[in-house]
Amino acid sequence: MLKLFNSLTRKKEEFVPIEPGKVRMYVCGMTVYDLCHLGHARVLVVFDVIVRHLRSLGYDVTYVRNITDVDDKIIARAVQNGENITELTERFIAAMHEDADALGVLRPDFEPRATESMDDILDMIGRLVDKGYAYQADNGDVYYAVSKFEGYGQLSGKRIDELRSGARVDIEQAKHDPLDFVLWKVAKPGEPSWPSPWGPGRPGWHIECSAMSTDCLGAHFDIHGGGMDLQFPHHENEIAQSEAATGEHFVNYWIHNGFVQVDEEKMSKSLGNFFTVREILQRYQPEEIRYFILSSHYRSPLNYSDDNLDKARGALQRLYTALRDAGTLQADAGLDSAYEERFQAAMNDDFNTPEALAVLFDLARALNRAREQGDAGVARLANTLHVLAGRLGILQAEPESYLRGPQGAAETGPDDAEIDALVAQREQARENRDWAESDRIRDQLAELGIVLEDGAGGTRWRRE
RNA sequence: GGCUGAGUGGCAGAGUGGCUAUGCAGCGGACUGCAAAUCCGUGUACCUCGGUUCGACUCCGGGCUCAGCCUCCA
């Protein structure tokens with residue numbers, strides 16, 4: 001039985017889908033004006049693992065993750081670069097896909113874009129205006145009247161009067177209430193725009209998600225996710241828009257992931273303390289980033305440091321070593337039910353990936369022990385490790401190729417052939433019992449970051 | 001100020017009202033020409049002060065500290 005923490009109720013609840021056997025899930029994706037940083041990577045990986053787990057439970061999952069491809073920042077960046085917004089967004093969408101693919105993130109079933117959803121957006125704004133939840137202000141912008149929506153503040157645990165008293169002095173005099181937010185922005189000269197009953201303009205940020213999620217999944221769906229910082233106001237506003245427009249309950253379960261931090265501080269663009277996925281990929285393998293993300297619970301803060309990435313590398317080395325030493329995988333060897341149950345129990349407990357990883361390590365030890373003792377269960381344990389790890393999207397590479405490091409590492413150090421040659425040379429020395437020469441070669445390789453392992457079947461090597 | 005969440009051993013990070021988390025690092029042993037890898041064993045822990053309880057790191061209350069949201073943000 002799957003339990004998950006619902007931000008709406010702030011409680012762990014049993015998951016019950018609206019339609020038996022099916023899950024409809026929407027996650028707020030990126031605004032594409034720059035490269036993905038580790039915070040974006042965390043959202044991608046966390047919800048990827050959630051989808052994988054739901055599917056492993058047998059659910060037919062429809063996963064939607066949108067792309068925001070028009071907003072103030074995109075427009076500003078495009079102006080700055082002297083290009084149109086489509087050139088800019090296409091470039092960063094491609095970059096995001098590259099990063100997501102590298103991290104082993106499966107593509108969502110639908111990836112709607114704001115600019116391709118104008119009909120749905122305009123339709124929803126129209127309904128809100130018709131029902132009296134929205135108004136066109138003197139400056140031409142269309143606003144949502146927060147005071148008209150009764151449940152406002154439930155998701156974020158905020159009270160309307162407190163929000164209002166704490167609200168900053170608004171520059172936008174056109175609003176009737178400082179809490180009102182924009183649904184449609186009239187275009188200033190030179191800005192990209194789409195025609196609408198309220199004049200040419202572009203959608204506000206919140207309305208696109210309401211429109212796209214409703215279009216893809218219906219007015220009422222199971223799970224809506226995103227980063228913790230979207231809880232307010234973005235998701236609060238989505239609820240207000242969608243429920244006012246459709247008259248239906250919007251979402252049953254809200255899932256919000258915690259932040260990536262640097263030195264105990266949120267990683268963000270404005271603080272300038274962010275690391276892009278590509279920067280990190282120059283020094284670490286993608287799977288190491290993925291493991292690092294999964295090594296803490298999705299709602300906990302995740303502190304970025306080289307030390308922690310190094311630990312992810314060490315952990316993967318151990319798991320891959322166990323798999324490598326177990327020999328060729330046999331997919332028909334079956335699963336060890338005790339380990340599978342423990343693993344699923346961990347994942348069913350609000351997607352407890354650290355606990356699930358601990359099961360993998362116990363499995364690795366059992367596997368190593370079985371192999372050393374010549375037990376018959378090796379193939380089954382190895383297969384179990386491989387399959388369960390696959391549900392987290394790790395350990396799917398050829399162990400030897402992971403342990404020998406990426407091609408990138410070969411560019412700065414010796415290539416595989418050179419290493420093989422030195423290893424062969426050392427093998428010769430060892431046969432002659434020339435330990436001094438043997439150790440000299442091993443030390444030489446060690447300085448290049450190559451570690452040797454002498455085993456019964458010959459010498460193996462890996463990059464540290 | 002309001003509202004969330006968190007404080008676990010050298011580091012990272014789960015969890016539980018009484019019973020080994022797990023990984024890395026450390027220590028002892030096995031294996032090895034020596035190593036590495038692996039296996040076996042092992043040490044160090046639950047912010048603080050009260051309360052509940054036969055018994056609390058785990059529940060309740062106060063305090064302290066930290067992070068986040070309240071403004072664009074994953």
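Both backbone and side-chain heavy atoms feed into the values below; hydrogens, waters and symmetry mates do not. Order of the sequence lines sets the chain letters (A, B, ...), proteins ahead of strands, with each chain counted from 1.
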Nearest-neighbour nucleotide for the [X] side chain, [options] considered:
X	options	result
A/N308	B/rA12, B/rA74, B/rC72	B/rA12
A/E264	B/rU38, B/rA37, B/rA67	B/rA67
A/D362	B/rG2, B/rU22, B/rC39	B/rU22
A/A315	B/rG13, B/rG23, B/rA37	B/rG23
A/R430	B/rA37, B/rG33, B/rC39	B/rG33

Row check, [Y] ring normal vs [X] NZ/CZ: under 6.0 Å, within 45°:
X	Y	value
A/R65	A/F110	no
A/K158	A/F232	yes
A/K266	A/F259	yes

May I ask you to say what [X] touches in the nucleic acid, namely base, sugar-phosphate or nothing, with a heavy-atom cut-off under 4.0 Å?
X	answer
A/L230	sugar-phosphate
A/K158	base
A/F361	sugar-phosphate
A/G226	sugar-phosphate
A/R65	nothing
A/H37	base
A/G455	nothing
A/Q373	nothing
A/R462	sugar-phosphate
A/V260	base
A/G39	base
A/Q231	nothing
A/D310	nothing

Between [atom2] of [N] and [atom1] of [X], the distance in whole Å:
X	N	atom1	atom2	value
A/D350	B/rG13	CG	P	17 Å
A/L271	B/rA67	CG	C1'	12 Å
A/F292	B/rC24	CZ	C1'	15 Å
A/E265	B/rC69	CD	P	10 Å
A/E355	B/rU8	CD	C1'	15 Å

Can you tell me if the side-chain N/O atoms of [X] get under 4.0 Å from OP1 or OP2 in [N]?
X	N	answer
A/N352	B/rG15	yes
A/R10	B/rC3	no
A/S300	B/rA14	yes
A/R318	B/rU38	yes
A/W205	B/rC73	yes
A/R365	B/rC40	yes

Can you tell me the pairing partner of [N] across any strand shown, Watson-Crick or G-U wobble, with both distances under 3.5 angstrom?
N	answer
B/rG5	B/rC66
B/rU38	B/rA30
B/rU22	B/rA12
B/rA56	none

Looking only at N and O atoms, is any donor in the side chain of [X] or the base of [N] less than 3.5 Å from an acceptor on the other one?
X	N	answer
A/K266	B/rC73	yes
A/D454	B/rC34	yes
A/K73	B/rC73	no
A/S438	B/rG33	yes
A/R42	B/rA74	no
A/R442	B/rC34	yes
A/D439	B/rG33	yes

Margin query: Determine whether the aromatic ring centres of residues A/F275 and A/H37 are separated by less than 6.0 angstrom.
Written below: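 Judged by ring-centre distance (under 6.0 Å), A/H37 and A/F275 do not meet the cut-off.
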
With no hydrogens and no angle check, do the side chains of [X] and [Y] hold a donor and an acceptor under 3.5 Å apart?
X	Y	answer
A/T321	A/E453	no
A/R24	A/T62	no
A/Y402	A/Q396	no
A/Y143	A/D177	no

Item checked: Distance between P atoms of B/rG13 and B/rG51 (Å, rounded) -> 33 Å

